[in-house]
Amino acid sequence: MIQTPLCLLILFSFCFFTVFAEDPISFTASTGSPDYLQCKDPNVLALTFDDGPDAKLTPPLLDTLKTLNVPVTFFVLGQLAQQNPTIIKRAFDEGHQISSHTWDHPNLTTLAGDAIRSQLTQTETVLKGIIGLTTVLMRPPYGEINVNVMNEIHTLGYSAIVWNLDTNDWEKKDPIVAFQADLKAGSGYISLQHDIQEPSVTPAKITEIVTLAKSRGFRFSTVAECIGRQPYKEGWGNLRPAAATTALATPTGTVQTMESAAPARSTVMAGLQQGSLKSGAGAGANAHTGIIIVMIIFSFFN
């Protein structure tokens, strides 16, 4: 007969590892897949703009977004944020999400761990000096990630955001073409544009995109709100947590096949459909199952 203290120890150990190994609000293991690539709820569109801020193009974009009352997410380069702090502060003050796109846009998969961390911490320091908050959402340049990159990102407390609607505006393509082809009612989207590409961010083009999305029944959201993940270490900052589709959460569900017909630029994107992100519901079920099993074993030995 096993002694009661030992049984209690076994019970505690099983419960602890069963619950916390699948804790949906912590990163327990990094994979070569991003944390998020789409909005969780259907008919929600998060417009995102990379590689800025641009001294010439970003302010008029902000003017247009203010007129249209559309919140977006800016994944900014640290070195450009340092050069254009007033633009960053204005975007933040006007209700847009500010997140990291590294310091100077390297392919992170080619860097050692210390260099990856430096790309994020340098940018984090500059942005905190401007907006007073610490960013925890980032987008890897080119969408390129691997296990090493994700380990470093998670160690610093970041989540990696990619996209499921690529406008390919960096190839001078008209972004409306991608929205017309790929924006389908019933799904949630995180789109990709660049506020350094003039044809993509003119007032007429942004208005055309917003008009199209609304005609298809979409509402607009920042990335943080549409995935239910606070954008700053200190909380929601300038955003509206009540507008988030869920409370603070991490990736849930299995990544479904991308609906975007446009070819992805990143080599990692081709494999995203095969990856599975952690499910909070599944974690809870596993925890309950483990506890029940341990209780049965405990009863048997007593």
Side-chain angles (χ1 to χ4, degrees), residues 30-38 46-54 57-58 72-81 97-124 127 135-156 158-175 177-179 182 189-201 223 227 251 255 257-275 277:
S30 296
T31 68
S33 297
D35 296 303
Y36 304 92
L37 61 85
Q38 64 191 65
L47 298 174
T48 71
F49 297 89
D50 288 14
D51 296 354
D54 183 271
L57 299 178
T58 307
V72 304
T73 300
F74 290 98
F75 287 98
V76 305
L77 296 179
Q79 64 176 2
L80 293 183
Q97 178 185 326
I98 306 299
S99 291
S100 175
H101 196 37
T102 71
W103 181 256
D104 58 5
H105 209 275
N107 182 338
L108 295 179
T109 65
T110 67
L111 302 183
D114 58 346
I116 295 172
R117 292 190 297 274
S118 177
Q119 284 284 328
L120 290 172
T121 55
Q122 284 187 86
T123 304
E124 179 181 299
L127 292 179
T135 54
V136 293
L137 299 180
M138 64 83 64
R139 173 169 284 164
Y142 314 105
E144 292 285 357
I145 52 175
N146 57 21
V147 172
N148 180 54
V149 171
M150 292 304 292
N151 281 334
E152 297 297 341
I153 289 171
H154 288 170
T155 297
L156 293 175
Y158 280 82
S159 294
I161 314 295
V162 286
W163 57 86
N164 64 334
L165 198 162
D166 190 349
T167 65
N168 291 294
D169 62 348
W170 63 281
E171 295 181 320
K172 306 305 180 183
K173 293 183 177 180
D174 186 342
V177 174
F179 284 101
D182 304 329
Y189 293 89
I190 296 175
S191 64
L192 172 62
Q193 290 173 263
H194 299 79
D195 52 326
I196 61 170
Q197 299 294 337
E198 186 168 12
S200 190
V201 296
V223 167
I227 64 174
V255 175
T257 301
M258 288 185 189
E259 295 188 353
S260 173
R265 293 188 290 119
S266 165
T267 55
V268 72
M269 297 298 286
L272 290 179
Q273 295 94 327
Q274 309 302 321
L277 300 183

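Here the structure is a predicted model, which is why all the values come from computation and not from measurement.
Remark: the backbone N or O of Asp114 is not paired with any side-chain donor or acceptor of Ser118 at under 3.5 angstrom. Of the possible donor and acceptor atoms, none in the side chain of Asp169 sits under 3.5 Å from a partner among the backbone N and O of Lys172. Between the side chain of Ser200 and the main chain of Gln197, no donor-acceptor pair closer than 3.5 Å is present. In this structure, Tyr189 contributes its side chain and Asp182 its backbone to a donor-acceptor pair below 3.5 Å. Looking only at distances, no side-chain donor or acceptor of Thr135 sits under 3.5 Å from a matching main-chain atom of Ser99.
Contact check for Thr109 versus Asn148: no side-chain heavy atoms found under the 4.5 Å cut-off. Contact annotation: the side chain of Val76 approaches that of Pro53 to within less than 4.5 Å [non-hydrogen atoms, C-beta and beyond]. Residues Thr73 and Leu47 have side chains not in contact (no heavy-atom distance under 4.5 Å, counting atoms from C-beta outward). Annotation: side chain of Val223 is in contact with side chain of Ile190 (closest heavy-atom distance under 4.5 Å). Residues Tyr36 and Ser159 form a side-chain contact, since some pair of their non-hydrogen atoms from C-beta on lies under 4.5 Å apart. Using a 4.5 Å cut-off on side-chain heavy atoms (C-beta onward), Ile161 and Ile227 make contact. Side chains of Pro141 and Leu108 form a contact here, defined as non-hydrogen atoms less than 4.5 Å apart. Residues Arg139 and Leu192 meet the side-chain proximity criterion, which asks for heavy atoms closer than 4.5 Å.
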Side chain to side chain contact (heavy atoms under 4.5 Å, CB included) between Thr102 and Gln122: does it pass, once the steps are laid out? CA-CA 8 Å; Thr102 71; Gln122 284 187 86; over 6 Å; no
Under the side chain to side chain contact (heavy atoms under 4.5 Å, CB included) rule, what do Met138 and His101 come out as? Steps first, then yes or no, please. CA-CA 6 Å; Met138 64 83 64; His101 196 37; over 6 Å; no
Mind running side chain to side chain contact (heavy atoms under 4.5 Å, CB included) on Leu77 and Thr123 for me, showing each step along the way? CA-CA 7 Å; Leu77 296 179; Thr123 304; over 6 Å; no
Side chain to side chain contact (heavy atoms under 4.5 Å, CB included) between Ser100 and Leu120: does it pass, once the steps are laid out? CA-CA 7 Å; Ser100 175; Leu120 290 172; 3.7 Å; yes
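Side chains of Asp35 and His154: a donor-acceptor N/O pair is present below 3.5 angstrom, by distance only. Judged by distance alone, the side chains of Asp104 and Gln119 do bring a donor and an acceptor atom under 3.5 Å apart. If you check the side chains of Tyr158 and Glu152, you find no donor sitting under 3.5 Å from an acceptor.
Atom CD of Glu198 is separated from atom CG of Leu57 by 5.0 Å, given to the nearest 0.5 angstrom. Here the straight-line distance linking atom CG of Asn151 with atom CG of Leu156 works out to 11.0 Å at 0.5 Å rounding. Rounding to the nearest 0.5 Å gives a distance of 11.0 Å between CD of Gln193 and CG of Asn168. For the atom pair OG1 of Thr58 and CD1 of Ile196, the computed distance is 9.0 Å after rounding to the nearest 0.5 Å.
Taking both residues in full, the closest heavy atoms of Leu165 and Ala178 are given as CD2-CB, 4.0 Å, listed atom of the first, atom of the second, then distance. Closest approach of Asp54 to Asp195, counting heavy atoms only: CB-O, 3.4 Å. Across all their heavy atoms, Val149 and Asn146 have their closest contact at N-OD1, 2.9 Å. Shown here for Pro106 and Leu111, the closest heavy-atom pair between the two residues is CG-CD1, 3.8 Å. Nearest heavy atom pair, residue Pro34 against residue Val162, reads CG-CG2, 3.5 Å.
Among the candidates Phe75, Phe74, Trp163, the single residue satisfying the side chain to side chain contact (heavy atoms under 4.5 Å, CB included) test with Thr48 is Phe75.
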